[in-house]
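For reference, the structure discussed in these notes is given below.
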Protein chains: 2
Amino acid sequence: MTPAETSATTPTAMLAESPATTPTETLAETSAEVSAPTSRRGGRPANGEPVLDRAFRLLDAFHDDAPRLTLTELSERTGIPLSSTLRLALHLSRLGALERQADGTFMIGLRLLEYASLAPRGHGLRSIALPYLEDLHRATGQHVQLAVRENDEGVIVERLSTPGAGKVLYSVGGRVPLHGTGLGLVLLAYSRPEFQDAYLQRSLFLEPEHTPVTAAEVRAQLQAVRQTGIAHMSRLLPEPAASVCAPIFDRSGACAASIAVLGADGTLDSRVVEPAVIAIARAITRDLKLSGR
Amino acid sequence: MTPAETSATTPTAMLAESPATTPTETLAETSAEVSAPTSRRGGRPANGEPVLDRAFRLLDAFHDDAPRLTLTELSERTGIPLSSTLRLALHLSRLGALERQADGTFMIGLRLLEYASLAPRGHGLRSIALPYLEDLHRATGQHVQLAVRENDEGVIVERLSTPGAGKVLYSVGGRVPLHGTGLGLVLLAYSRPEFQDAYLQRSLFLEPEHTPVTAAEVRAQLQAVRQTGIAHMSRLLPEPAASVCAPIFDRSGACAASIAVLGADGTLDSRVVEPAVIAIARAITRDLKLSGR
DNA sequence: TCACAGCTTTCATTCATTGAAAGGAGACAC
DNA sequence: GTGTCTCCTTTCAATGAATGAAAGCTGTGA
């Protein structure tokens, strides 16, 4: 038993003693004699993860507050080893999903914009709704949002913001809960009853404050939305604000999206805004049916 | 040459010898005897293609005129075998990059909208420019476009269209040539001289008509753009139209984007539109610098 | 000259990926 | 009921694309 073998059991000692023998020597010896290779290069991990999943985890690493990341940051955020991160990130850059700047930082690439513009429920809907949303935006002078449901959440598809009209919690591409927001409540109110039941099974909280709500309370809200065709919501955090929301329907009569007018508390007179929101929601619904959706 | 080394040169032999005692005897026999495998299942292709490339080829299969595709259509368009197409498409659906409707058709998923909204040169720029673009849209009553350069092309990042203002060739996410369009000409005029030289090396054509243009002609146009700070372009196909375009600069003084007002021939008085385009381009430039880009 | 942090390249190892084949599911015909 | 489509889904042996530790490289700062 050579000293090299006994030291191999402790990885830290390995690192300290490794320069004692040259790499070529150890390799030749390990293949013949040594069962525990001291400098074992390569090797696939015990439970490999599909490349695709990893690639999308890289994309997931980017956020509103971190739209540009260095290689090391990417590696740390995803937990993927540095060399694998580099290989993947370069691959994604070749495909246009990422872009690399001169200083080496990575960012989301424009190719993804191209794909996103083909999402029927995203840009397809948006292109029809945008002129109407602009009208609503001008008329009310408040934030205007458009959202669709994806599984258990709403996704903001478009947002027209007004600098003076308070903070907006969610931005384009962002996800909103179906029960704590006006946009979500509308989407939930017009979804299939079985889906509603399943959704209301879970324990629900109003999110900035983390206040619990009962299923019965939400059901009452949904009932009100269906009766009036409109949703009123208000929140206190991060600052008092209110929203007025209405549904948009597709050709089949299913709720395709919801729109919201959102403003700082006090600046939003719901009596005034309500007819405008309803009128614009109906106009978009009509246009959606005409355009073959 | 040690025996260990010679055996190391043929790894297959090593592998073949060790499972000789393993219970896969029957399998080994069949593979040895049957030379023509009538029912040979599985097997990796001779030159496999990386999963990532295939996944993005699936996304590439979607187009403006085909935003929803069946499994068979996807398989045909990409040339990927049906079973592999299904596996991949389902995987992408799990990741949110695709969505599957009840009838089995696939479409681009909303998750990609989420990623796209993080592209600094896409949605980041867009969110700053949009209010100004709306102003320009209202004031002129014509199509308004915003584009950035990616390699040898311009990419449309935003478009506000006016139903009555003629056909628009390019939509959001679409790519425009750098020499045949006003938007592209501006992007080219303010790019690095080496890049311009390289770009002008190629044989250039004006695209709907496929008319050749010389590098000298384009150079003269670029010179005019740099002198006046604006680009005028007109095209005859598919119908007569004209555009007025101006550059947007980032903090470093490089051209970050270009904007265009585009209208049917005759409806666009460039004398009137020009000051508006310049003013809005400067306003966006100022805002871009303020917001730390 | 040394130490360090961040990025890039190498390469033996092996498991995720592969597609032909078989197995439904539904529609239309006879 | 049986046959024949088309379209979608599942199975599974074979294997090369994917893997990450280690070494190499580059700039920065003491």
Hey, mind stepping through B/Lys289 and B/Thr285 against side chain to side chain contact (heavy atoms under 4.5 Å, CB included) and telling me if it holds?
-> CA-CA 6 Å; B/Lys289 285 176 179 168; B/Thr285 293; 4.0 Å; yes
Can B/Glu73 and B/Arg68 be said to form a salt bridge (Lys or Arg N to Asp or Glu O under 4.0 Å), step by step?
-> CA-CA 9 Å; B/Glu73 285 170 333; B/Arg68 293 154 204 262; over 6 Å; no
Output, in order, the C-alpha distance, side-chain angles, deciding distance and verdict of ring-ring contact (aromatic ring centres under 6.0 Å, His included) for A/Phe249 and A/Tyr190.
-> CA-CA 9 Å; A/Phe249 301 99; A/Tyr190 293 96; 5.3 Å; yes
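Among the nucleotides D/dC8, D/dA18, D/dT10, the one closest to the side chain of B/Leu86 is D/dT10. In the set D/dT19, D/dT9, C/dT8, D/dT9 carries the atom at the smallest distance from any side-chain atom of B/Leu71. Nearest nucleotide to the B/Arg100 side chain, out of C/dG19, D/dC8, D/dT19: D/dC8. Side chain of B/Leu82, nearest nucleotide from D/dG20, C/dG6, D/dC8: D/dC8.
One can place CG of A/Leu69 at 15 Å from C1' of C/dG6, the figure rounded to the nearest angstrom. Atom NE2 in B/His91 sits about 15 Å away from atom C1' in C/dT18, given to the nearest Å. When rounded to the nearest whole Å, the span between CD of A/Glu76 and C1' of C/dC7 equals 14 Å. The distance between atom CG of A/Asp53 and atom P of C/dA16, rounded to the nearest whole Å, is 11 Å. When the C1' atom of C/dT8 is taken as reference, atom CZ of A/Phe106 falls 11 Å away, rounded to whole Å. Between B/Ile80 atom CD1 and C/dT18 atom C1' there is a gap of 12 Å when expressed in whole angstrom units. Going from atom CG of A/Leu90 over to atom P of C/dC7 covers 12 Å, rounded to whole Å. For the pair A/Leu52 CG and D/dT19 C1', the computed distance is 16 Å after rounding to whole Å.
Of the two residues near DNA chain C, A/Thr70 and B/Val51, the one whose nearest nucleotide lies more 5' is A/Thr70.
Residue contacts for B/Thr72: at a heavy-atom cut-off of 4.0 Å it reaches the sugar-phosphate backbone alone, with no base atom in range.
A ring-centre distance under 6.0 Å is not found for B/Tyr115 and A/Tyr115.
OP1 and OP2 of D/dT10 both lie 4.0 Å or more from every side-chain N or O belonging to B/Ser83. Residue B/Arg87 places none of its side-chain N or O atoms closer than 4.0 Å to OP1 or OP2 of D/dT9.
Rounding to the nearest 0.5 Å places CZ of B/Arg192 at 15.5 Å from OH of B/Tyr199.
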